[in-house]
Visitor: 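One structure coming up, written as structure tokens, with questions to follow.
Residue numbers start from 1 in every chain, and the chains themselves are labelled A, B, ... in the order their sequence lines are given, proteins ahead of strands. A quick note: this is a predicted structure, and the numbers were derived from the prediction, not measured.
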There are 2 protein chains.
Amino acid sequence: MNSSGSTKERILGAAEVLFAQRGFDGASLRQLTTAAGVNLAAVNYHFGSKDKLVEQVFRRRLDALNASRLTALAKVAGAPDTTLEDVLGAYIRPALDLSHDGSGSLFMRVLARAFAEHDDNLRQFLSANYGHVMRQFTAEFARLLPQLSKPELYWRIDLVTGALTHAMSGFGMIQRKSDVSEHAHREQTAQHLIRFAAAGLSHP
Amino acid sequence: MNSSGSTKERILGAAEVLFAQRGFDGASLRQLTTAAGVNLAAVNYHFGSKDKLVEQVFRRRLDALNASRLTALAKVAGAPDTTLEDVLGAYIRPALDLSHDGSGSLFMRVLARAFAEHDDNLRQFLSANYGHVMRQFTAEFARLLPQLSKPELYWRIDLVTGALTHAMSGFGMIQRKSDVSEHAHREQTAQHLIRFAAAGLSHP
DNA sequence: CGTATCCTCAAACGATCGTTTGAACCGGCG
DNA sequence: CGCCGGTTCAAACGATCGTTTGAGGATACG
């Protein structure tokens, strides 16, 4: 099927697709290697085990997503005229960009699946690779919403996270009308999410 | 382990726990029947197959949840002085009550898992048993938010659903302080969710 | 007592899983 | 050429999965 790129990259690509479709346990190495057009043993040869492969699938996208989010946050954080929408945009737009280009859209679904599964190993891994990003965003939210107590703020951030994860994992559903450009559609989606999140965060 | 109730009920109880913890595929019939204290073959004898068992696990809680939500909705729907908070309360409070009593809390996690898995069979089943409830609530939301276009309303309801599903699946985290009663804590949680959802639905 | 019905049990079935193995292939270098 | 490190290959490994089987226990009724 897939016949471009190195063996490792073909495995990573096929894994992302199948993990999103059938879950980490549901996608077998035999389905995966067949889809990638490589031998069954290639996964253990190049990655060591299936669990290590799962980690690499996350790492490949998460590193880029984290860097992109932090760069966008750095541009707006700390300034006196920063708005809630600015910070939310720094969080949401990089994920939308990832969802936009090709197979990246499936990764958000993989991420949503990982959230729903309360697997401890995976949560530890996500916390180690995701935690510092969330902490920086939380600090900026706290600065912009000084009227909220800490428990209250955490509550709202948790709810916003749930809404965004849910929305971004279902991006197949939100069809773009043919008379709007790809870029305009993405901006429209971003506005939806940002305004919703801002309203949920800042209501009295 | 579990030794109360009939064999069928013991299986259903253990299944709910293990499905929430390890997912539908992750929980094996051998773990399940061992936890329930019944023989391995009892699942296929009483339910026919593992898939049928999954259906029954959903049916047992979903029927009660749906009925409770529709009853609560009927009390407020259509009236001229109904508020958005009233309708949201009719949706949220029955789920909180379910989360409150014993093993029911795990069911919301099972539900969240089913949402994240994009399995077609399960989605069809949920749509058949859940669809009419969502449709009634959507109609009432449309009545109370006439300024929103249909696509806009669906967008916001989808985001609210994501936030609530996410929140209710993680109810282990929200610890009650010892100086507030169980009932007061639940009411506090309901207020959080309702206000957040109302803000997200009705923002300009 | 015999027997019929419902249920439980240990054991086995075939299928599929992740992983390992050892031989075969292949480009580059002495 | 011969050899060698990196890679791919078919085949097999043991484990675990959902499901089926047939014998046996329990209870109620004639």
Visitor: Charged N to carboxylate O under 4.0 angstrom, B:Arg61 versus B:Glu16?
Guide: yes

Visitor: Do B:Phe196 and A:Val160 have side chains that get closer than 4.5 Å, going by heavy atoms?
Guide: yes

Visitor: Salt bridge or not between A:Asp86 and A:Lys75? Use side-chain N to carboxylate O under 4.0 Å.
Guide: no

Visitor: Salt bridge (charged side-chain N to carboxylate O under 4.0 Å, His left out) with A:Arg113: which residues, sequence neighbours excluded?
Guide: none

Visitor: Quick one: list whatever passes salt bridge (charged side-chain N to carboxylate O under 4.0 Å, His left out) with A:Arg93, sequence neighbours left out.
Guide: A:Glu187

Visitor: Check this one for me: any side-chain N or O of B:His46 less than 4.0 Å away from OP1 or OP2 of C:dT8?
Guide: yes

Visitor: Among residues two or more places apart or on two chains, list those pairs meeting salt bridge (charged side-chain N to carboxylate O under 4.0 Å, His left out) that have a residue in residues 30-57 of chain A.
Guide: A:Glu55-A:Arg59

Visitor: Spell out protein contact along nucleotides 10-20 of chain C as letters: B when the base is contacted, S when just the sugar-phosphate is, - when no protein heavy atom is under 4.0 Å; keep the 5' to 3' order.
Guide: B-B----BBBB

Visitor: Could you list all the side chain to side chain donor-acceptor pair (under 3.5 Å) pairs where at least one residue sits in residues 62-71 of chain A, not counting sequence neighbours?
Guide: A:Arg69-A:Tyr130

Visitor: Please tell me if B:Thr7 has a side-chain N or O lying less than 4.0 Å from either OP1 or OP2 of C:dT8.
Guide: yes

Visitor: Whole-Å distance between D:dT7 P and A:Ile11 CD1?
Guide: 12 Å

Visitor: For a side chain to side chain contact (heavy atoms under 4.5 Å, CB included) check, start with the C-alpha distance between A:Leu111 and A:Thr165, then their side-chain angles and the critical distance, and finish with the verdict.
Guide: CA-CA 8 Å; A:Leu111 206 60; A:Thr165 304; 6.0 Å; no

Visitor: Using five base pairs at each end to define the local axes, how bent is the helix from C:dC1-D:dG30 to C:dG27-D:dC4, to the nearest 10°?
Guide: 10°

